[in-house]
Asker: 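Let me begin by handing over the structure; questions about it come next.
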Amino acid sequence: MFESQTAPTYHLETVEEQENDFILNLGPQHPGTHGVLRVILHMDGEYILTADPVLGYGHRMQEKIAENMTWSQVLPYMARMDYLSALSYNQAWVCLVEKMCEYEVPRRAEYIRVLTTELNRISSHLLWFGAFLLDLGAFTPFLHAFEDRETLLDLLESLTGSRLTYCFFRFGGVGADVDAAFLRGAQDFVKQMHTKLPRYHELVTGNVIFRERTRDVGVILPFDTWGYGLSGPVLRGSGEQYDVRTSEPYSIYPELDFNVPVEQSGDCLARYLVRLNEIDESLKIIEQTLANMPEGPIKSKVPKIIKPPEGEASMAVETPRGELMIYAVSDGGKVPYRVKYRVPSFANLSIFSKMARGQLLADALAILGSLDLVIPEIDR
Amino acid sequence: MMTSYAQDIITGLSSLLTGMKVTIKTMFTKGHTVQWPRQTAQLPLNFRGHIRLVANDSTGFAKCIACGSCVRACPSNCIEVKGEKPEGAKKKSPTLFRLDFTKCSLCGLCVESCPVAAITFSRDYALAGLTSEPFAAMNLLDEVASPFAGEEQ
Ligand code: SF4
Ligand code: SF4
């Protein structure tokens, strides 16, 4: 498969792993892995022969913990998996329980959910943008991204009370109502982003060094995408148009008008462009929710002690990193019988060994960055 | 070959200059950093500090009726409540209300579960220390008057 790549690849097939290969530990404490991830690299000079990720440094048995918690107590744990897109996780859990118990959700609550989740998606992509460029050695874009992200976090904090690990959605609604100040803040933010996004493109997308470092680096061929279970921008960067928000719609997404950005080339640059275009699409969604925000209650009446009827259900949502699926079994009791998380970063990491082979070390870091991994989500 | 090489250099240089332009423009905008501790940022309305007990307006005692709802709601077992009926009162009053803030995730489930709205979030943001002791067993009753104050000694 690698022969068809345009990128210069090392002739891996002909190189045997030698006993005296240089072994390099990337991580577990390495800024390029963005968390406690360790990758064992067998090197030949600057070229990577094999790359084996070692997981488990931050494993907390989230699934087991969920079996010992009541259905509502699991909610705060959601934010501890993917701390950058806590609201998508919130949404998956509340939608799952609502599906099992058949709770109604008021329209206003749905709008607030989508509005805040999309804001959260932008903040996640902004952080990725900054961190990815840091991996490539650019510092200025990071500060630009964090300036905008700061506005966004302040905004979300004023509504939810936390800056990152939100626990905001509730079964049958949301935890707090949006006020005029929040709506105005969101509008201002959209306006601000519309002026800032072109500046990002000016500063980074056209930059010659950036393009050289990302174009044709870490190509994922469409052939590999489904086999490795890739999802999110990593999948869409390889020309597959799959987004849970449109393929398996939930909440009010079917009523909204937005595109799913897709790039064909499958390299780091494609994944970068997909994410930046997604910010644009999220802004579109936010504008629509702001314009059509219905009046009404923000929470329907649900019992204090949640006991879903016996049975099982699964719920998939699109997080900024890809498809999150939660599967839960209820035995009719106060605590879940079994919970299983299918997280996007875990699947997206699985292709890294294949992509890193034969690449230069510096390119491997660019590849790792372009996958947008959140390690606590992998080691959940 | 030679022309495309020269072209690459020209596009490359111009892209660097465009980037420089953005940087220079940004130099003249206002900074976002708040110079703490000389300045303080404004706390948002829904800020969540550690939880605290709400006092009854007229008596100054804690509103809490020691029902234990919050203890059961908390996912991290941070709250410990014991209560007794003060003489002549209809409802219980807490004799002990202890919070282990080291484990608290500030999720707000306790605040929502309370039937009499007896807990809220404080606006205390300086919640860092050199040891865990001040936070491992915070006595939340300190801030409210106690109906048992006379009897204890
Ligand atoms: S905020 Fe959450 S973790 Fe903290 S005491 Fe309340 S219920 Fe427990
Ligand atoms: S739920 Fe409210 S009333 Fe009950 S013990 Fe907790 S603080 Fe007191």
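Below, chains carry the letters A, B, ... as their sequence lines are ordered, and counting in each starts from 1.
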Asker: Mark yes when over 12 heavy atoms from residues, nucleotides or ligands other than B:Asp57 sit less than 6.0 Å from its CG; otherwise mark no.
Answerer: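 No, not enclosed.
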
Asker: Between A:Met69, A:Glu157, A:Glu212, which residue shows the highest count of heavy-atom pairs closer than 4.5 Å to chain B?
Answerer: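 Among the listed options, the one with the most contacts to chain B is A:Glu157.
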
Asker: At a heavy-atom separation under 4.5 Å, does A:Arg80 approach chain B through its side chain, its backbone, both, or neither?
Answerer: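 Just its side chain gets close to chain B.
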
Asker: Judged by atom type as modelled, is there a donor-acceptor pair below 3.5 Å linking the side chain of B:Thr18 to the main-chain atoms of A:Glu202?
Answerer: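 No, because the side chain of B:Thr18 does not come within donor-acceptor range (under 3.5 Å) of the backbone of A:Glu202.
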
Asker: Answer yes or no: are there more than 12 heavy-atom neighbours, outside A:Lys64 itself, under 6.0 Å from its atom NZ?
Answerer: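 12 or below, so no.
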
Asker: If you measure from CG on A:Leu156 to CG on B:Asn46, what distance do you get to the nearest 0.5 Å?
Answerer: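 Answer rounded to 0.5 Å: 11.5 Å.
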
Asker: Is the count of non-hydrogen atoms from other residues, nucleotides or ligands lying under 6.0 Å from A:Glu63 atom CD greater than 12?
Answerer: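 Count over threshold, so yes.
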
Asker: With no hydrogens and no angle check, is any side-chain donor or acceptor of B:Arg48 less than 3.5 Å from a backbone partner on A:Thr160?
Answerer: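 Present.
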
Asker: Let me confirm one number: the OG1-CD distance from B:Thr33 to A:Glu150, rounded to the nearest 0.5 Å.
Answerer: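 The distance works out to 9.0 Å.
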
Asker: How many angstroms lie between atom NZ of B:Lys21 and atom CZ of A:Arg199, to the nearest 0.5 angstrom?
Answerer: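 Interatomic distance, B:Lys21 NZ to A:Arg199 CZ, rounded to 0.5 Å: 10.0 Å.
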
Asker: Can you check whether A:Asn207 reaches B:Leu16 side chain to side chain, under 4.5 Å on heavy atoms?
Answerer: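 A side-chain contact exists here, since the closest heavy-atom pair is under 4.5 Å.
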
Asker: Are the side chains of B:Leu45 and A:Ser158 in contact, using a 4.5 Å heavy-atom criterion?
Answerer: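 Heavy-atom side-chain distance check fails, nothing below 4.5 Å.
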
Asker: Distance check, rounded to the nearest 0.5 Å: A:Phe210 atom CZ versus B:Ser15 atom OG?
Answerer: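 So the gap between those two atoms works out to 11.5 Å.
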
Asker: For B:Arg98, I'd like to know if atom CZ has over 12 heavy atoms of other residues, nucleotides or ligands within 6.0 Å.
Answerer: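 Counting neighbours around CZ of B:Arg98, 12 or fewer heavy atoms of other residues, nucleotides or ligands fall under 6.0 Å, so no.
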
Asker: Might you confirm whether atom NZ of B:Lys103 has over 12 heavy atoms from other residues, nucleotides or ligands at distances under 6.0 Å?
Answerer: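 Yes - once you tally the heavy atoms of other residues, nucleotides and ligands closer than 6.0 Å, there are more than 12.
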
Asker: Less than 4.5 Å apart, any side-chain heavy atom of B:Val22 and any of A:His144?
Answerer: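 A side-chain contact exists here, since the closest heavy-atom pair is under 4.5 Å.
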
Asker: So do A:Pro76 and B:Leu109 actually touch side chain to side chain, heavy atoms under 4.5 Å?
Answerer: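 Side-chain contact under 4.5 Å: yes.
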
Asker: Using the ring-ring contact (aromatic ring centres under 6.0 Å, His included) rule, collect all pairs that involve residues 183-202 of chain A, keeping only residues at least two apart or in two chains.
Answerer: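 Every pair satisfying ring-ring contact (aromatic ring centres under 6.0 Å, His included) with a residue in residues 183-202 of chain A: A:Phe129-A:Tyr200.
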
Asker: Side chain from CB out, backbone as N, CA, C, O: work out which of these in A:Arg211 comes under 4.5 Å of a heavy atom of chain B, or both, or neither.
Answerer: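 No part of it gets close to chain B.
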
Asker: I need the A:Gln73 CD to B:Ser76 OG distance, nearest 0.5 Å.
Answerer: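 Answer rounded to 0.5 Å: 8.0 Å.
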
Asker: What residue in A:Gly161, A:Cys167, A:Pro141 has the most heavy-atom pairs under 4.5 Å with chain B?
Answerer: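 Option with the top pair count is A:Gly161.
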
Asker: Please rank B:Ser14, B:Ser69, B:Ala73 by heavy-atom pairs under 4.5 Å with chain A and give me the top one.
Answerer: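 Most heavy-atom pairs within the cutoff with chain A belong to B:Ala73.
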
Asker: What part of A:Ile305 is in contact with chain B, defined as an atom under 4.5 angstrom from a non-hydrogen atom: side chain, backbone, both or neither?
Answerer: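 For A:Ile305, neither part sits under 4.5 Å from chain B.
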
Asker: Between B:Leu106, B:Leu43, B:Thr26, B:Leu13, which shows the greatest number of heavy-atom pairs under 4.5 Å with chain A?
Answerer: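 Of B:Leu106, B:Leu43, B:Thr26, B:Leu13, B:Thr26 has the most heavy-atom pairs under 4.5 Å with chain A.
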
Asker: Tell me whether the count of non-hydrogen atoms from other residues, nucleotides or ligands lying under 6.0 Å of NZ in A:Lys340 goes above 12.
Answerer: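 Yes.
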
Asker: Other residues, nucleotides and ligands only: do more than 12 of their heavy atoms fall within 6.0 Å of CD on B:Gln39?
Answerer: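 Check passes, neighbour count above 12.
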
Asker: Contact between B:Thr23 and A:Leu203 at the side-chain level, heavy atoms closer than 4.5 Å - yes or no?
Answerer: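 Yes, close enough: below the 4.5 Å cut-off.
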
